[in-house]
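Below: the structure, in structure tokens.
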Amino acid sequence: MSLRQIDHSIQEVNQQISRVSTRIGALVADIATIVDETEEQERLRLGLLAEVKAIDMELQNMRNRLREGQTLLEELDREISMMEASMSERRNSLERSSRLLYRDIHIPHDDTRYLQSVFMEIGTFLEALYRDLRQLQVARNDNHKKVLEHQSMIQRFSSRSHGLLEEIDVITRKVQSSFALTQEKKRILDHLHEEQQDLQEIFRDLLNRKADFYETVKDIQHFKGYIPLPADGPYFVSQDDNSLLIDMKNDARVYCIFDGEVVYRGNLYRFENVIIIDHGNNYYSVYGGLVDVIVNEGDRVYANELLGSSLYLYFELRHRSTPLDPQEWIFLEEM
């Protein structure tokens, strides 16, 4: 695998890691939202359960009061019935006695006052019974109203409790559904984490392979497009045919672009001090306009090794005697 292929693979894997990381972030956000909603639903459910419990307690109290009221109502009905029966019996007996006394017995005039007083006392007694009866009837009617009110309240509270239980059932189903959805998303999240770890392992392996490539591969052809500029910035680069003209600004340092051997040091063209380095397989790099040159012909030099300095560097790559397009060989981000 060439360096370009390794870099292409690194870029692809890095994009996959980025996509997986984006999906992980989205899933984490979704899970957090679902958990928040589930917690809110659970708080609502617990609140409704507490309300149902309170209603059930109140219903129990109202049922107890209703039973007490019904018991009292039955007692009042029995007392009223007994009193009505007693009054009816006394009234009938008094009428019979009165008819017999006036029809069959001759009563002296003086004794009639006594009989009249007796009848008046009996009438007063009956009136008292009637008053007690009316009071019992009023109490019975009041108690009957309370019984009806308790029954109505029990019905309303029971209806409210039934409605709350239905709401609780709906919320419970939502919570269960949210829990199932959260578990499913967590399973997907675990899978994505595993995928991310696998991709990161592949990414690290590719980086190691790239590092090994730089360590072991000495053929400049494999580094086509990845060769750094030989200059130490700041600088300004312009291209002249198949050569680069680098304005070094501040008498910057010049470095060897790749491992090789200095095969020439001297004056060429208008660039005065020139170094030519053989990189093998008939590939050469040319550095013109150097000052303070620190290497000599025959020296073995290595990538990024200092060659000298320059104010205005002329640079070109050649294969045999043919100049090469530097944009195809030099790492463009360095241009």
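It should be emphasised that the depicted structure is a prediction, and the values quoted were computed from it without experimental measurement. This chain uses plain numbering: 1 for the first residue, then up along the sequence.
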Quick one: does any side-chain atom of [X] pair with a main-chain N or O of [Y] as donor and acceptor, under 3.5 Å?
| X | Y | answer |
| --- | --- | --- |
| T22 | S18 | yes |
| D36 | T33 | no |
| D278 | G280 | yes |
| D259 | A303 | yes |
| E195 | L192 | no |
| R209 | I6 | no |

Looking only at the side chains, is there a donor atom on one of [X] and [Y] sitting less than 3.5 Å from an acceptor on the other?
| X | Y | answer |
| --- | --- | --- |
| H162 | E166 | yes |
| N64 | R67 | yes |
| S177 | R173 | no |
| D325 | Q239 | yes |
| S310 | Y312 | no |
| Q196 | S21 | yes |

Regarding [X] and [Y], does a basic nitrogen lie under 4.0 Å from an acidic carboxylate oxygen?
| X | Y | value |
| --- | --- | --- |
| R43 | E40 | yes |
| E51 | R160 | yes |
| R65 | E68 | no |

Worksheet entry | Criterion side chain to side chain donor-acceptor pair (under 3.5 Å) on E12 and H8, from CA distance to verdict | CA-CA 6 Å; E12 286 186 341; H8 181 69; 3.0 Å; yes
Can you tell me if [X] has over 12 outside heavy atoms packed within less than 6.0 Å of its [atom1]?
| X | atom1 | value |
| --- | --- | --- |
| Q155 | CD | no |
| F179 | CZ | no |
| Q183 | CD | yes |
| H319 | NE2 | yes |

Closest contact, heavy atoms only, [X] versus [Y]:
| X | Y | answer |
| --- | --- | --- |
| L59 | S158 | CD2-OG, 3.8 Å |
| W329 | I220 | CZ3-O, 3.7 Å |
| D292 | S309 | OD2-OG, 3.4 Å |
| L317 | S285 | CD2-CB, 3.9 Å |
| N296 | V262 | O-CB, 3.3 Å |
| V147 | G69 | CG2-C, 3.8 Å |

Discussion item. Could you tell me if R253 sits above the aromatic ring of Y255, with its cationic atom closer than 6.0 Å to the ring centre and no more than 45 degrees from the axis?
Written reply: no
Approximate separation, where rounding is to 0.5 Å, of [X] [atom1] and [Y] [atom2]:
| X | Y | atom1 | atom2 | result |
| --- | --- | --- | --- | --- |
| E297 | R265 | CD | CZ | 9.0 Å |
| E74 | N143 | CD | CG | 10.5 Å |
| L206 | E201 | CG | CD | 10.5 Å |
| D219 | H222 | CG | NE2 | 4.5 Å |

Discussion item. Would you say V170 ends up clustered with L165 if hydrophobic residues are merged whenever their side chains have heavy atoms under 4.5 Å apart, either directly or through other cluster members?
Written reply: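 No, separate clusters.
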Item to complete: Run the numbers on F236 and I246 for side chain to side chain contact (heavy atoms under 4.5 Å, CB included), then give the verdict.
Response: CA-CA 6 Å; F236 175 77; I246 306 173; over 6 Å; no
Discussion item. Tell me whether the rings of F258 and F223 are parallel (<30°), tilted (30 to 60°) or perpendicular (>60°).
Written reply: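 Tilted, since the angle between the ring planes falls between 30° and 60°.
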